[in-house]
Amino acid sequence: MEMIDIALPKGRLGEKVYDMFEAAGFECPSIREENRKLIFENENLGLRFFWVKPSDVAIYVERGAADIGVAGKDILLEYVPDVYELLDLNIGKCRMAVAAKKDFRDNSDAPLRVATKFSRIAEEFYAKKCREIDIIHLNGSIEIAPILGLSDVIVDIVETGKTLYENNLEPVETIVPISARLISNKASYQFKNETIEKIKAGLAGQVRNMKND
Amino acid sequence: MQIDPKVLKADEQAAYALRSLYRRFGYCQYNMSKFEEYSLYARNKDFLVSDAIISFTDTHGRLMALKPDVTLSIINNSKDAPGHVHKMYYDENVYRLPKGAHSFKEIKQTGLECIGDITALEVGEVIMLAHRSLESISPDYIFEISHVGLLDALLAESVLSHSAQKKVLSCIISKNSDELEFICSEERISGQARDKLGVFFRNYASFDDAVSAFSKVCTSEEAVHMLGEFRQALDFITAMGFAGKTRINFSLTNNMNYYSGIAFRGYIQGIPSGILSGGQYDNLMKRMGRKSRAIGFAVYLDALKRLDNDDKEYDVDVILLAGDDVAAAVKAAETLSFDNTSVRICSEIPQGVRCRQILSIAGKGAEK
């Protein structure tokens, strides 16, 4: 039987995503076993799941190591992988936002210093506003950049806003809502279309059920 | 000279097969000069797969580019000749910056271009050659087709603002129907207009289903005309027996500033990206000041290297340990090699070389 390779993001979001696959009838019981394995197969259903770093899911799918996968909209907007975005799973919901110190006032006579992991998203957002910015690319602990005077604002994912408030920051503007998306490799979408469409339909059913609950 | 096909890699085999195929249909080879004026590419950067170009100043102070694209060079060197069609194929290396990479890559590319008074005849022939090109690489292929003019006409009919059209197009390209719903509510697009846009997201069981769905939503003269062109291409595909290998896919738009008619892309089982891409690009011809129409496609041969990845069990069939008689050893190796056995002559067993058999030469011939 032809296998469908599915890349799932490691962590809490990945577990929720797997629950949806399972509830839709695309299960792989071995994934529930307590071990450190990263690849799990259900030969009867022709499914092979594997856990990868959330930011790498899109790369696995784009390069064809996985036929489909689940990635956050933030990753899709930042890296613009050449994949199909088939379904909004409506989980892992948060937003990409601009945040700043509570007393921040935008001084428009100087370029705005923006600290972020998401350089492309920030650049596009401010380009639309015709606002000159100075991007400071950081890989983590973005929240401390304005506190230490490294940047004027940050562009980052905001879920509850608790981390921001605890660091004396507040969201200023929402750039885009974020959620988990089912993505597909373009060649796989053609060669394994029937199975991928079945999985998409099954997951779409789960999304509807969750909305109705 | 005889060439053993086994020694050719997948991309080399394809290059020979495709060159032979295009010559059989009367296409002449186009040899691109290594360096061309940078301004040609700078003016049409959007058309290029990657917009980074290797450039340098030549001895006359002109800014030159190292082969970023073949199609632009062919158009630049073509002349309008009413009533004629120029048919050219090429087999060239181009230099591009792959997405996410920091250094340029040499990419082997072959393809063909048809420039002049293009009619349904040339469109049909190019579709046939695209199918045959894919088939010659692997019988397990899929050919996707869409029509950029039809997509453009229907978007124009939708009376969406330019920015809304851009957003909708991005949803079509990524098959993102959820985002389309969001944009429709954000832009206050009516349910009827939303349903019209739905035709671009559907998977069609047959060409007839697709044509029937599109004919229900085409109202402007332009859209009806474009659908007629698309239908003609689909009828041709059916008549040629290619329907089973063809999928209608409107997420395939190429660049709408340049393409005008059918657009297509080909996939081979085992390669995760499209290896053939092309279409009718009359808009590009217009932008370059030409009255002629044009259609063509490129085959990305470098992608075929993935097909050579099967692990070989042995590096060489035979390791032949030579004695003192050099002539005897070389003759024995030559004799063994005549039946396509690979032989490595050496005086001692080499480290790290895997072989099926080790033979040693003791005077008259090879012995186990």
Side-chain angles (χ1 to χ4, degrees), chain A residues 2 5 7 55-56 58-69 71 73 76-91 93 119-120 124 128 176-198 200-201 203-204 207-208 211, chain B residues 49-50 98-101 134 138-146 163 166-167 170-183 185-186 200-205 244-253 264-277 300 303 306-307 309:
Chain A
E2 191 175 54
D5 288 310
S55 56
D56 290 341
I59 299 169
Y60 278 82
V61 175
E62 183 180 32
R63 295 269 181 157
D67 298 305
I68 56 173
K73 182 70 180 173
L76 302 179
L77 289 170
E78 183 60 26
Y79 299 105
V80 199
D82 191 18
V83 295
Y84 291 135
E85 192 181 321
L86 300 179
L87 185 66
D88 183 348
L89 295 176
N90 219 30
I91 56 169
K93 288 172 95 167
S119 302
R120 183 196 285 258
E124 283 182 5
K128 277 184 198 153
V176 64
I178 303 290
S179 57
R181 310 292 166 108
L182 175 70
I183 58 173
S184 165
N185 173 271
K186 289 190 170 180
S188 302
Y189 184 77
Q190 292 300 352
F191 287 106
K192 300 178 181 178
N193 184 269
E194 204 177 318
T195 316
I196 291 175
E197 282 295 332
K198 267 187 201 160
K200 179 188 162 188
L203 294 176
V207 173
R208 278 194 300 275
K211 277 182 182 167
Chain B
V49 175
S50 79
K99 187 183 158 203
L134 291 164
S138 165
D140 201 356
Y141 76 90
I142 285 175
F143 180 84
E144 287 181 337
I145 189 166
S146 74
S163 70
K166 265 179 86 174
K167 286 182 195 169
S170 136
C171 293
I172 294 170
I173 291 169
S174 59
K175 291 192 180 290
N176 191 344
S177 49
D178 290 321
E179 192 81 8
L180 180 72
E181 293 292 343
F182 177 74
I183 291 164
S185 67
E186 201 183 36
F200 297 117
F201 291 83
R202 269 179 235 155
N203 283 330
Y204 295 101
K245 292 283 186 189
T246 304
R247 310 275 183 276
I248 293 171
N249 182 3
F250 272 84
S251 75
L252 166 62
T253 61
F264 47 84
R265 185 162 50 197
Y267 294 98
I268 295 287
Q269 180 73 274
I271 297 177
S273 54
I275 64 145
L276 180 148
S277 172
Y300 306 111
R306 279 184 71 118
L307 299 177
N309 273 353

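Computed from a predicted structure; not experimentally measured.
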Counting heavy-atom pairs under 4.5 angstrom with chain B, the leader among A/Val83, A/Asn193, A/Asn185 is A/Asn185
Heavy atoms of A/Phe191 and B/Ile268 approach each other most closely as CZ-C, 3.5 Å
CD1 (A/Ile183) and CG (B/Asn176) are apart, to the nearest 0.5 Å, by 11.5 Å
Whatever's closer than 4.5 Å to a heavy atom in chain A on B/Phe201 counts as neither
Bottom line for A/Leu87: the part with an atom under 4.5 Å from chain B's heavy atoms is both
A quick test of your reading: do over 12 heavy atoms of other residues, nucleotides or ligands sit less than 6.0 Å from OH of A/Tyr60?
no
With a cut-off of 6.0 Å (strictly less than), are more than 12 heavy atoms of other residues, nucleotides or ligands near CD of A/Glu194?
no
Cut-off 4.5 Å, heavy atoms of chain B, and the answer for A/Glu62 is both
* To do: State, yes or no, whether a side-chain contact exists between B/Lys175 and A/Lys200 at a heavy-atom distance under 4.5 Å.
  => no
Do other residues, nucleotides or ligands put more than 12 heavy atoms under 6.0 Å from A/Tyr79 OH? no
Rounded to the nearest 0.5 angstrom, the CD-CZ distance for A/Gln190 and B/Arg265 is 8.5 Å
Note: B/Pro272 and A/Ala187 closest approach over all heavy atoms is O-CB, 3.6 Å
To the nearest 0.5 Å, atom NZ of A/Lys186 lies from atom CD1 of B/Ile142 at 14.5 Å
When the 4.5 angstrom heavy-atom criterion is applied to B/Asn203 and chain A, the contacting part is side chain
Evaluate the side-chain contact (heavy atoms from CB on, under 4.5 Å) criterion for residues B/Glu181 and A/Asp88: first the C-alpha distance (whole Å), next the side-chain angles of each, then the deciding distance (0.1 Å), finally the verdict. CA-CA 11 Å; B/Glu181 293 292 343; A/Asp88 183 348; over 6 Å; no
Checked B/Cys171, B/Ser177, B/Ser251 vs chain A; the most non-hydrogen pairs under 4.5 Å come from B/Ser251
